[in-house]
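Quick notes on the structure that follows.
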Amino acid sequence: MVAGLKTVILLSFVLAVGFLLIILSCALWANWLPLLVALTFVLAPLPNALFAHCGGDEFSSNQGACVMSIIGGGLVYGTILAYSAVFRQEDEYD
């Protein structure tokens, strides 16, 4: 087997195990909000998939791709911040 194919198989296995653990954590404790993490993984590559034909040979030559990449990263980072802010646990001993 080619080394690249082994890497792809390993990474797909790790991704499948990760999604399995996310779904199990939701189902076992009847809390479906962590499934938003899986939704983030699905939505994060959409800008690149939708606008791949807009890019040129160099990333810096297309300002639109740079702006979309920054906005996409900001959305993912904002989702993580919002998730942690909503589910922050208060200290019991204060």
Side-chain angles (χ1 to χ4, degrees):
M1 251 190 209
V2 179
L5 185 58
K6 287 182 181 181
T7 305
V8 169
I9 291 171
L10 176 68
L11 289 175
S12 64
F13 177 74
V14 169
L15 182 68
V17 168
F19 279 123
L20 174 70
L21 290 176
I22 290 171
I23 292 171
L24 280 176
S25 71
C26 295
L28 293 176
W29 283 275
N31 182 8
W32 294 96
L33 291 175
L35 203 57
L36 293 175
V37 174
L39 181 66
T40 303
F41 286 130
V42 170
L43 294 179
L46 279 181
N48 287 338
L50 293 176
F51 299 104
H53 65 281
C54 295
D57 290 339
E58 294 182 20
F59 183 73
S60 62
S61 68
N62 193 351
Q63 293 299 322
C66 182
V67 170
M68 284 188 284
S69 178
I70 291 171
I71 290 172
L75 285 173
V76 172
Y77 184 68
T79 302
I80 293 169
L81 285 180
Y83 183 79
S84 62
V86 168
F87 296 105
R88 182 178 309 160
Q89 294 181 350
E90 297 296 326
D91 193 12
E92 297 177 12
Y93 301 108
D94 282 342

>> Run I9 and F13 through side-chain contact (heavy atoms from CB on, under 4.5 Å) and show every step you take.
In response: CA-CA 6 Å; I9 291 171; F13 177 74; 5.6 Å; no

> Apart from L11 itself, what residues make up its hydrophobic cluster, given side-chain heavy atom links below 4.5 Å?
Replying inline: none

> Looking only at heavy atoms, which two atoms of W32 and C26 are closest? And how far apart?
Replying inline: CE3-CB, 3.4 Å

> Quick one: do L43 and L36 end up in the same hydrophobic cluster if we chain Ile, Leu, Val, Met, Phe, Trp and Tyr together by side-chain heavy atoms under 4.5 Å apart?
Replying inline: yes

Which distance, rounded to the nearest 0.5 Å, do you find between the [atom1] of [X] and the [atom2] of [Y]?
X	Y	atom1	atom2	result
S25	N31	OG	CG	8.0 Å
L5	L10	CG	CG	11.5 Å
T40	Y83	OG1	OH	9.5 Å
T79	L39	OG1	CG	8.5 Å

> Do the non-hydrogen side-chain atoms of I23 and L20 ever get within less than 4.5 Å of each other?
Replying inline: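 Counting from C-beta outward, I23 and L20 never come under 4.5 Å.
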
> How would you list, by chain and number, every residue that makes a side-chain contact (heavy atoms from CB on, under 4.5 Å) with N48, sequence neighbours excluded?
Replying inline: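 Counting only residues at least two positions away or on another chain, N48 forms no side-chain contact (heavy atoms from CB on, under 4.5 Å).
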
> Where do L35 and I22 land on the side-chain contact (heavy atoms from CB on, under 4.5 Å) test, with the steps shown first?
Replying inline: CA-CA 7 Å; L35 203 57; I22 290 171; 4.2 Å; yes

